[in-house]
Asker: 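Pasting a structure below so you can have a look.
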Amino acid sequence: MPWAMRRSFSPESAEGVAALRSTLLTPDSRVQWERLLQLVAEAQAAQRDGKAEAEEGLAAAPPAASASNEAARAAAMNDAVGSLLGSRPGLALRRLLSELDST
């Protein structure tokens, strides 16, 4: 997980927690799906742009190496999310998730 994302999901100040909450949830604790989908679309676009640049530089890399890199990247992201949620800095995100109105 990129450092900036990890930092965004683990605010330490009351203002940071409020900003995270207002980004992800409405005042009545419902998920802001349109906002989340917009953030995902922006992240995917940035990833595609970065991937296209990387592919230009690694055009000679064998396909097996590319698949291996993708698997390693996915595993690293899963580890980062798991370690964030299970760590002290992930407290704000865990609290936010517990406040979520799932209806």
Side-chain angles (χ1 to χ4, degrees):
M1 173 180 293
W3 180 85
M5 273 182 87
R6 186 176 180 91
R7 226 15 225 121
S8 297
F9 284 121
S10 57
E12 295 178 5
S13 68
E15 295 84 10
V17 171
L20 175 62
R21 188 178 199 297
S22 68
T23 299
L24 301 178
L25 301 178
T26 64
D28 61 344
S29 299
R30 294 183 185 267
V31 176
Q32 294 192 60
W33 289 112
E34 288 182 28
R35 178 70 177 134
L36 284 174
L37 292 174
Q38 176 187 4
L39 291 171
V40 168
E42 290 171 4
Q44 287 174 335
Q47 184 179 24
R48 278 192 304 270
D49 292 345
K51 193 174 185 178
E53 290 174 8
E55 286 175 354
E56 288 174 8
L58 298 174
S66 178
S68 176
N69 288 342
E70 288 296 320
R73 189 173 307 150
M77 185 65 86
N78 287 341
D79 287 345
V81 170
S83 67
L84 175 62
L85 286 174
S87 68
R88 184 180 179 286
L91 178 63
L93 184 57
R94 288 192 306 274
R95 283 188 179 157
L96 186 133
L97 291 172
S98 72
E99 295 173 8
L100 180 65
D101 181 1
S102 61
T103 57

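This is a predicted model, so every value here is computed, not measured.
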Asker: Using every non-hydrogen atom in the two residues, find where R21 and S29 come nearest and quote the distance to one decimal.
Answerer: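 Looking at all heavy atoms of both residues, the closest pair is NH2-OG, 2.6 Å.
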Asker: With rounding to the nearest 0.5 Å, note down the distance linking CZ in F9 to CG in L24.
Answerer: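 Reported to 0.5 Å precision, the distance equals 6.0 Å.
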Asker: Given R35, which of L39, V31, L37 fulfils the side-chain contact (heavy atoms from CB on, under 4.5 Å) condition?
Answerer: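 Considering L39, V31, L37, a side-chain contact (heavy atoms from CB on, under 4.5 Å) with R35 is found only for L39.
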Asker: Mind listing the closest non-hydrogen atom pair of L20 and S8 along with its distance?
Answerer: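 Reported closest heavy-atom pair: CD1-O, 3.9 Å.
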Asker: Who are the side-chain hydrogen bond (donor to acceptor under 3.5 Å, both in side chains) partners of T26, not counting sequence neighbours?
Answerer: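 For T26, the residues satisfying side-chain hydrogen bond (donor to acceptor under 3.5 Å, both in side chains) (neighbours in sequence not counted) are D28.
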Asker: List for me each residue that meets side-chain hydrogen bond (donor to acceptor under 3.5 Å, both in side chains) alongside E34, sequence neighbours excluded, and say none if there are none.
Answerer: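 Expected list: none.
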Asker: Say you draw a straight line from CG of L36 to CD of Q38; how long is it, rounded to the nearest 0.5 Å?
Answerer: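 Going from CG on L36 over to CD on Q38, the span is 10.0 Å.
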Asker: Distance from L97 atom CG to L25 atom CG, nearest 0.5 Å?
Answerer: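 So the gap between those two atoms works out to 8.0 Å.
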Asker: Can you tell me how far the CZ atom of R88 sits from the OG atom of S10, to the nearest 0.5 Å?
Answerer: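 Answer for the CZ-OG pair, R88 versus S10, is 10.5 Å.
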Asker: Go through the structure and list residues passing side-chain contact (heavy atoms from CB on, under 4.5 Å) with R94, not counting sequence neighbours.
Answerer: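 Scan of R94 (side-chain contact (heavy atoms from CB on, under 4.5 Å), adjacent residues dropped) gives L85, L91.
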